[in-house]
Amino acid sequence: MAFNNVGPLTFLAPGQTAFWSYSYGGDRGTQFASADVKTPNQGAVHLADQQRKRKDNNGNATYFVDIHNQGAGGCFHNLQGGGMS
C-alpha cells in the first residue's frame, strides 16, 4: 500500500539529515520510504538511504530511513513510500 504526505513537515538545510521511523500494527513486509519533497524548493535534493526494519517479539515491525539534503538550498519534506509487491 502506497503512502504520501506522512509525518510532520521537516526542513532540511543543505548538508542536514533527518532520521525517520514509522510503524504499523503487525508486519507489512518490505517497505520503502523516501522524501515527499514540498514546494517551494530552494535547490534541495533529498536522498533516502539506510532503509532498516526492526521486528518486535509481539510481531510489530518498525521501519527506519535517513533523508539527506545534498542540494544547494533548503526545503521541507515528509515521507512517501510503500510496500514491495
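Below, each value reflects all heavy atoms present in this structure, side chains not excepted, and no hydrogens, waters or symmetry copies.
- Here the closest heavy-atom approach between residue A44 and residue C75 is recorded as CB-CB, 3.4 Å.
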Legend entry - Verdict with supporting geometry, M1 and R28, side chain to side chain contact (heavy atoms under 4.5 Å, CB included): CA-CA 9 Å; M1 179 172 71; R28 300 276 178 103; 3.6 Å; yes
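- Separation of atoms CD (Q31) and OG1 (T62) is listed at 12.0 Å; rounding is to 0.5 Å.
- Going from atom CE of M84 over to atom OG1 of T30 covers 6.5 Å, rounded to the nearest 0.5 Å.
- Classification of the Y63-Y22 ring pair by plane angle, with boundaries at 30° and 60°, yields parallel.
- The hydrophobic cluster containing F32 does not contain L47, counting ILVMFWY residues as joined when their side-chain heavy atoms lie under 4.5 angstrom apart, directly or transitively.
- Here salt bridge (Lys or Arg N to Asp or Glu O under 4.0 Å) pairs that include residues 59-81, with residues two or more places apart or in two chains, are R52-D66.
- Listed here is the closest heavy atom pair of V65 and A33: CG2-O, 3.6 Å.
- For F76, the side-chain contact (heavy atoms from CB on, under 4.5 Å) test picks out L9, F11, K38, with sequence neighbours left out.
- Counting all heavy atoms, side chain and backbone alike, P14 lies closest to G74 at CD-N, 4.0 Å.
- Of all non-hydrogen atoms in H77 and A18, the two that sit nearest each other are CE1-CB, 4.0 Å.
- Taking NE2 of H46 as the start and CG of D36 as the end, the distance is 11.0 Å to the nearest 0.5 Å.
- Annotation for N41 and V37: closest pair ND2-CG1, 3.8 Å, computed over non-hydrogen atoms.
- Here the straight-line distance linking atom OG of S23 with atom NZ of K53 works out to 12.5 Å at 0.5 Å rounding.
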Inset, instruction - Quick one: do N78 and T10 satisfy side chain to side chain contact (heavy atoms under 4.5 Å, CB included)? Show the steps, please. - result: CA-CA 6 Å; N78 54 11; T10 302; 5.8 Å; no
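- Nearest heavy-atom pair, G26 versus N60, reported as atom, atom and distance to 0.1 Å: N-OD1, 2.6 Å.
- Taking CD1 of I67 as the start and CG of L12 as the end, the distance is 8.0 Å to the nearest 0.5 Å.
- Each of Q51, R54, Q50 was scored for a side chain to side chain contact (heavy atoms under 4.5 Å, CB included) with F64, with one residue passing: R54.
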